[in-house]
Amino acid sequence: MTSDFRPQSGFLTVLVERGFLHQCSDLAGLDQIAKSGDLVAYTGFDCTAPSLHAGSLVQIMLLRWLQKTGGKPIALMGGGTTRVGDPSGKDASRQLLPLETIAANKDGIKNVFARFLSFGEGKRDAIIPDNADWLATLNYIDFLRDVGRHFSVNRMLSLDSVKLRLERDQELSFLEFNYMCLQAYDFVELFKRHGCVLQMGGSDQWGNIVTGIDLGRRMGTRQLYGLTSPLLTSSSGAKMGKSAQGAVWLDESMLPVFDYWQYWRNCEDQDTGRFLKLFTELPLDEIARLEALGGAEINEAKKILATEAAAMVHGREAALRAAGAARQTFEEGALAESLPSVKIPAAEIEAGLGVLTAFVRSGLVASTGEARRQIIGGGLKINDRTVTDERMVIGPRDLTGGVVKLSLGRKRHVLLKIA
RNA sequence: GGGGGAGUGUCCCGAGCGGCAAAGGGGGCGGACUGUAAAUCCGCUGGCUAAGCCUUCGUAGGUUCGAGUCCUACCUCCCCCA
C-alpha cells in the first residue's frame, strides 16, 4: 500500500525502507509533522507478563527509530488497561490479573526500554507514563457523559476485534468491550498531556487506534494519526516471539543471552533479510549484500543478525560472548564457558548425581519422565557423549574444570557448574 | 420460563459398546538427512523414589468388583420455542 508514497521525513523513510509500515491513517499528513521535528508518538504495552518478548520488538524498534529521527517516543504502560484485558486477536477472555501482578509486570517491562530509548526531561527524551494514572481514578458517570457519549456502539460492533468474537459465538464480556474505549481515551489523554499525535501498534491494533483518532476529533484534539506495523510471522507461518521452549523473552533472567542469540541464528533462510531490516540497525546496502548470500553462506548473514539483534537487547559485549560461545560449541566442538549454566552444590556431585535428575535440574527437560524418553530417543548427551543408560551417575570424574556439559539435541546446551 | 445439545489428556482440535493413562490429527521435542535453514522420513509427546505406584475426561455426590462412559444435583456454553 505504500509503494507509491515517497516520504520526505526521516522517520517515515526509515519505516518504509525497512518494512515497518502496514497501515497508516494519513501518510502525507503524518509525514509533514514528522518532517517538522515535532512528532510525539506512543505505543501501549500491556502488563500481562513480567517482561516483553520478541513479538514486541517491532514496536520497540519503531519507538527507537522515532527518537533517532528526531521525534519524542512515549512507551505507555498499560497499568490501567491491563486490569480490563484487550480482546483484540484473542479467542477467549483472558483471566483477570491481580493488581500486584500487574504492578510487578510493569516494573519488569520498563526495564526493557532502558537499552532502546534515552530518557530524561528534554523535548525528545522518551517517557514511560502509566495509564493507570488517569484511568484508575475515573468516575463512571462522568466518564460516560464526557467520553462515552462519543462512542457509537454500532461502529464498535463492526470492528474486527469485536466482530470476530461475535461471529464465532464466543463470549465477549462488557468489561472487555470497554477496552477500546479506554485505549481511545488514552490517546486523547496523551495528546493533552504531552502533545502526542500518533499512536503506533501491531496490525491487530488498527481498530483500537482508529477509535482513538475518532474520539480525538469528537473531543476537539488536533488531527491525530495512527500507524500499524505488519503482524510478524516467520516464513513458515509461526508466530514471532514464540519458540519451542516458550516465549523469546527480552530479559536475561528469563532467557539467557545465548538462547536469545540462538533464536535469531536459527531463523529460516527466507526471513534473514527481513529480520535484519527490522531488528538491526545495519545500513540497508549492507543488509542487501547479506541477503543476497545463497546456500550455506546465508549462515554468515544469520550470525550477523543474531549478534546485532542480541546486542540491541543485551548489549554488544554480551552478544559477542554469545556469538563466541556458539562458535566454540558448534564450530570448534569445544566447551564454551559462557553457555547457559546452572549451579550444583559440590556435595551432590561428590555423592553422584543421577542423569535423570541432572537433566531436570538443568532445565533442559521438564521431568524425569521426559529425560527417560529423550534417552531412549538418543537425545541427551553428557560432555558430548550420548547417554544410553538412564541409571548413569554423574560424578567428580565427569568434571572438566568444575563443569559438566549437558546437551539436549544438537542445539541446546547447559553447563552444570560446581557451586 | 419451556425443549434440545455440549463441556475429554493444563498447547489446540477431537474420537471414546462400563475394564482407559484413554483413538486420531495439529503443534512441539528428539533422531536421520542437511548448512545450527526449509522440505522429507522415523520415534516420542501425564507424574513418580518406575516390571510397581499416583493423578487425569466441567464440579460435587451416587450406582457398580470396576465409571470418561450409567444416575442425581450444580456450574458454564450453544441451539430452538416463549
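None of these values were measured; they are calculated from a predicted model. To find a chain, count down the sequence lines: A is the first, B the second, and so on, and within it residues start at 1.
Here the side chain of A:Gln262 is nearest to one of B:G35, B:G30, B:U36, namely B:U36. Counting only heavy atoms from C-beta on, A:Ala326 has its side chain closest to B:U36 among B:G35, B:U36, B:G31.
Atom CG of A:Leu30 sits about 11.0 Å away from atom CG of A:Leu224, to the nearest 0.5 Å.
Computed from coordinates, the A:Asp269 CG to B:A38 C1' distance equals 7 Å when rounded to whole Å. One atom, OH of A:Tyr263, and another, C1' of B:U36, lie 15 Å apart when rounded to the nearest Å. Between the CD atom of A:Glu390 and the C1' atom of B:U49 there is a distance of 13 Å, given to the nearest Å. One atom, CG of A:Asp259, and another, P of B:U36, lie 18 Å apart when rounded to the nearest Å. Rounded to whole angstrom, the span from the CZ atom of A:Arg274 across to the P atom of B:A37 amounts to 19 Å. In this entry the distance linking NZ of A:Lys381 with P of B:G30 reads 10 Å, nearest Å.
Nucleotides B:C57 and B:G46 are separated by 13 Å at their C1' atoms, to the nearest Å. For the C1' atoms, the distance linking B:A22 with B:U45 amounts to 15 Å, nearest Å. The separation of B:C80 from B:G28, taken at their P atoms, amounts to 38 Å, rounded to a whole angstrom. Across the C1' atoms, B:U63 and B:C13 are found 33 Å apart, a figure rounded to whole Å. Nucleotides B:C41 and B:G25 have their P atoms positioned 13 Å apart, rounded to a whole Å. Separating the C1' atom of B:U64 from that of B:G18 is a span of 9 Å, rounded to the nearest Å. Only the P atoms considered, B:A67 is 27 Å distant from B:A50, to the nearest whole Å.
A heavy atom lying under 4.0 Å from RNA chain B marks the following residues of residues 361-379 of chain A, by number: A:Ser367, A:Thr368, A:Gly369, A:Arg372, A:Arg373, A:Gln374, A:Gly377, A:Gly378, A:Gly379.
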For residues 292-303 of chain A, please give each side-chain donor-acceptor pair under 3.5 Å, one per line with the distance, not counting sequence neighbours.
residue	atom	partner	partner atom	Å
A:Asn299	OD1	A:Arg265	NH1	3.4
A:Asn299	OD1	A:Arg265	NH2	3.4
A:Asn299	ND2	A:Ala296	O	3.2
A:Glu300	OE2	A:Lys303	NZ	3.1
A:Lys302	NZ	A:Cys267	O	2.8
A:Lys302	NZ	A:Asp269	OD1	2.7
A:Lys303	NZ	A:Glu331	OE2	2.8

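Counted by atom type alone, A:Gln199 and A:Gln183 present one or more donor-acceptor pairs between their side chains at under 3.5 Å.
Between A:Arg217 and A:Asp214 there is a salt bridge, since a side-chain N of the basic residue sits under 4.0 Å from a carboxylate O of the acidic one.
Summary of the strand contacts: A:Lys303 and A:Leu356 both lie near RNA chain B, and taking for each the nucleotide with the nearest heavy atom, the more 5' one is attributed to A:Lys303.
With a 3.5 Å ceiling on both atom-pair distances, B:G66 lacks any Watson-Crick or G-U wobble partner. Remark: B:G46 base-pairs with B:C54. Criterion, Watson-Crick or G-U wobble with two distances under 3.5 Å. With both pairing distances under 3.5 Å, B:A38 is matched to nothing as a Watson-Crick or G-U wobble pair. With both pairing distances under 3.5 Å, B:U76 is matched to B:A6 as a Watson-Crick or G-U wobble pair. Taking a pair to require two hydrogen-bonding distances under 3.5 Å in either a Watson-Crick or a G-U wobble arrangement, B:C33 remains unpaired. Nucleotide B:A15 has no partner under the Watson-Crick or G-U criteria, as no pair reaches both atom distances under 3.5 Å.
For the pair A:Asn131 (side chain) and A:Gly79 (backbone), a donor-acceptor distance under 3.5 Å is present.
Among the candidates A:Gln23, A:Gln59, A:His22, the single residue satisfying the side chain to side chain donor-acceptor pair (under 3.5 Å) test with A:Ser229 is A:Gln59.
Contact check for A:Phe359 versus A:Ile375: no side-chain heavy atoms found under the 4.5 Å cut-off.
OP1 or OP2 of B:A37 sits under 4.0 Å from a side-chain N or O of A:Lys411.
Considering only residues two or more places apart in sequence or on other chains, A:Lys68 meets the side-chain hydrogen bond (donor to acceptor under 3.5 Å, both in side chains) condition with A:Glu281.
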